Amino acid sequence: MTRSDLYSLAKPILFRLEAERAHALGLKLMGWLPEVKPSGADLGIRTSIGELANPIGLAGGFDKTGLHLRALSRLGFGYLVAGTITLQPWPGNPKPRVVRNVRERTLVNSLGFPNPGVDEFLRNLSSSKPTVPVVASISGREVAEIVECYEKVQPSVAAVEVNLSSPNTQRLRDLRETDLFQSLAVDLSSAKKKPTFLKVPPLLDERQFEDVLRMVGIWENHGFEGVTACNSRPVTEPRLATGAGGYSGPPLFANLILAVKKIRMKTPKPFEINAVGGVSGPENVKEALAAGATTVQLYTALVYEGPRLVSRILNELTPH
Ligand SMILES: Cc1cc2nc3c(=O)[nH]c(=O)nc-3n(C[C@H](O)[C@H](O)[C@H](O)COP(=O)(O)O)c2cc1C
């Protein structure tokens, strides 16, 4: 059975299930899929993460446990972001905490980092044996907690993404305040052994533009390799238990391009920008790279388009 047969059978069942359950089942089913055949064209790039077969990464949050990285690395991605994980296990927010808007192909989530904690994540990572570079996404409530998680995770991954931008955790907004953010950047830079990215919130108005660009400037000054822009957009959503969450999918794309251009203007290459938010096809990938991104990442499109998405994009990026 081909990959597309399997997914067209599974999709109607998965989409009838509650979104978070469907995701867990979808991850298990991915283990059954055959490996994507490389397109043959050379889409490889060299980044601080390493030599990547192509510039498309899986965005943070898809595999929060590290258990499914082997299966995900067979879908054609150039690299995978795993997590977000924290020093200790976290239960996350009350359910329901993920809802779909099927017609517009978007999601809203208020997960709040449910994850098994860094120690179990590292065990899962070593048993899952991914075949492409893994970037660990980490976060926490306190500077010391994030730094300890950073120290533990670095030896086992190609790079680290520090997520200070989930819309579902109030404490992260505090860590973005200048003083705390400065001390986080100082402490991380003295513990740094691997390329490290900052995942920033979306730049939705002038004030946020300034705040994010200020953080990016501090980040670059401390010698970090780049940023991942942007996380999901904060919205109210009465179907979620918390009443609010992060919106993701194609409507984020226009704002992503603006963000990439602004960040690129402030930070010339080789500072790296991983562009994420609404990427769902080859045209998006080309546009993000042309705007100044080093790589792109995607999440929501994979939910709606299924596991063939990355190989389809790669085939269309291939010069014929
Ligand atoms: C259900 C869900 C869970 C997510 N969890 C995380 C997370 O744990 N860490 C993170 O950095 N981003 C997380 N994100 C945000 C994505 O990585 C990405 O930044 C955002 O969804 C925009 O990209 P997209 O439009 O391709 O989905 C999550 C997104 C979704 C939809």
Side-chain angles (χ1 to χ4, degrees), residues 18-24 26-27 56-66 72 77 79-86 90-93 95-101 104-117 121 135-140 146 149 159-169 172 197-204 212 227-235 237 239-240 242 245-257 259-260 273-281 284-285 288 293 295-305 309-310 313:
E18 180 275 321
E20 209 179 328
R21 280 189 131 188
H23 188 74
L27 278 171
I56 305 178
L58 175 69
F62 204 93
D63 181 358
K64 293 174 185 288
T65 62
L72 288 162
F77 287 106
Y79 69 100
L80 306 171
V81 181
T84 297
I85 50 159
T86 51
W90 274 15
N93 287 325
K95 297 179 179 178
R97 51 192 185 177
V98 184
V99 294
R100 308 180 186 95
N101 300 310
E104 61 169 33
R105 298 186 160 232
T106 61
L107 297 171
V108 191
N109 89 84
S110 57
L111 286 160
F113 300 154
N115 81 93
F121 171 80
V135 178
S137 167
I138 65 166
S139 194
I146 299 176
C149 190
V160 179
E161 194 174 88
V162 181
N163 177 8
L164 290 192
S165 50
S166 163
N168 302 310
T169 314
L172 296 186
F197 303 94
L198 175 69
K199 186 156 180 187
V200 298
L203 290 66
L204 297 173
V212 169
V227 292
T228 298
C230 306
N231 214 315
S232 50
R233 177 184 299 176
V235 289
E237 173 51 73
R239 289 174 291 169
L240 296 170
T242 53
Y247 179 69
S248 60
L252 301 192
F253 187 71
N255 186 262
L256 169 64
I257 294 299
V260 170
I273 303 174
N274 307 313
V276 56
V279 173
S280 61
N284 299 144
V285 175
T295 77
V296 300
Q297 300 176 1
L298 55 84
Y299 183 137
T300 303
L302 190 60
V303 171
Y304 285 100
E305 307 288 331
L309 174 67
V310 182
I313 296 178

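Counting starts at 1 for both ligands and their atoms, following the listed order. Model, not experiment: these values are computed from the prediction.
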**OP:** Check ligand 1 against Leu298 and write out every atom of the ligand that is under 4.0 Å from a heavy-atom position of the residue.
**Re:** 26 (O)

Original post:
If you count the atoms of ligand 1 from 1 in the order shown, which ones are under 4.0 Å from a heavy atom of Ala59?
Top reply: 17 (O)

Subject >> Atom of Val227, atom of Phe197 and distance for their closest heavy-atom approach >> reply: N-CD2, 3.8 Å

Subject >> Option passing side chain to side chain contact (heavy atoms under 4.5 Å, CB included) with Asn163 (candidates Asn231, Ile138, Thr228) >> reply: Asn231

Original post:
Would you say Arg239 has more than 12 foreign heavy atoms packed within less than 6.0 Å of its CZ?
Top reply: yes

Original post:
By ring pair (Phe, Tyr, Trp, His ring centres under 6.0 Å), which residues pair with Tyr304, not counting sequence neighbours?
Top reply: Phe15

**OP:** Specify the protein heavy atom at minimum distance from atom 9 (N) of ligand 1: its residue, its atom name, and the distance to 0.1 Å.
**Re:** Thr84 OG1, 2.7 Å

Original post:
For atom 22 (C) of ligand 1, what's the nearest protein heavy atom and its distance?
Top reply: Gly277 CA, 3.7 Å

Original post:
Which bit of Thr228 is near ligand 1, meaning a heavy atom under 4.0 Å away: side chain, backbone, both or neither?
Top reply: neither

Subject >> Protein residue, atom and distance nearest to atom 14 (N) of ligand 1, heavy-atom basis >> reply: Gly60 O, 3.4 Å

**OP:** Take every heavy atom of Ala301, measure it against each atom of ligand 1, and state whether any distance is under 4.0 Å.
**Re:** no

Original post:
What atoms of ligand 1 come within less than 4.0 Å of a heavy atom belonging to Asn163?
Top reply: 9 (N), 10 (C), 11 (O)

**OP:** Using distance alone, determine whether Asn109 and ligand 1 share an N or O pair under 3.5 Å.
**Re:** no

Original post:
Sub-3.5 Å donor-acceptor pair from the side chain of Glu18 to the main-chain atoms of Glu20, do we have one?
Top reply: yes

**OP:** Anything under 30° is parallel, anything over 60° is perpendicular, the rest tilted; go ahead and classify Phe62 against His23.
**Re:** perpendicular

**OP:** Output yes when the distance from some N or O of ligand 1 to some N or O of Lys199 is under 3.5 Å, and no in every other case.
**Re:** yes

Original post:
Which value, rounded to the nearest 0.5 Å, describes the distance between Asp63 atom CG and Leu80 atom CG?
Top reply: 8.5 Å

Subject >> Option from Thr295, Leu298, Leu309, Val279 for which side chain to side chain contact (heavy atoms under 4.5 Å, CB included) with Ile56 holds >> reply: Leu298

**OP:** Tell me which part of Thr300 gets within contact of ligand 1: side chain, backbone, both or neither, using heavy atoms under 4.0 Å.
**Re:** both

Subject >> Those atoms of ligand 1 less than 4.0 Å from some heavy atom in Gly278 >> reply: 24 (P), 25 (O), 26 (O)

**OP:** List the atom of Thr86, the atom of Cys149, and the distance in Å for their closest heavy-atom pair.
**Re:** C-SG, 3.8 Å

Original post:
To which of Tyr304, Phe62, Tyr299 does the heavy atom nearest atom 26 (O) of ligand 1 belong?
Top reply: Tyr299

Original post:
What atoms of ligand 1 come closer than 4.0 angstrom to any heavy atom of Leu107?
Top reply: 31 (C)

Original post:
Among Ser139, Ser137, Ser165, which residue meets the side-chain hydrogen bond (donor to acceptor under 3.5 Å, both in side chains) test with Thr84?
Top reply: Ser137

Subject >> Under 3.5 Å: N/O of Gly249 near N/O of ligand 1 >> reply: yes

**OP:** Identify, for atom 3 (C) of ligand 1, the protein heavy atom at the shortest distance, and state residue, atom and that distance.
**Re:** Leu111 CD1, 3.5 Å

Original post:
Nearest heavy-atom pair of Gln297 and Val276: which atoms, and what distance?
Top reply: O-CG2, 3.5 Å

Original post:
Any idea which protein heavy atom is nearest atom 31 (C) of ligand 1, and the distance to it?
Top reply: Ser248 OG, 3.4 Å

Original post:
Between the main-chain N or O of Leu240 and the side-chain N or O of Glu237, is there a donor-acceptor pair closer than 3.5 Å?
Top reply: no

Original post:
How close does the nearest protein non-hydrogen atom get to atom 15 (C) of ligand 1, and which residue and atom is it?
Top reply: Asn231 OD1, 3.3 Å

Original post:
For Cys230, is the nearest heavy atom under 4.0 Å from an atom of ligand 1?
Top reply: yes

**OP:** Go through ligand 1 atom by atom and flag the ones less than 4.0 Å from a non-hydrogen atom of Lys64.
**Re:** 5 (N), 6 (C), 7 (C), 8 (O)

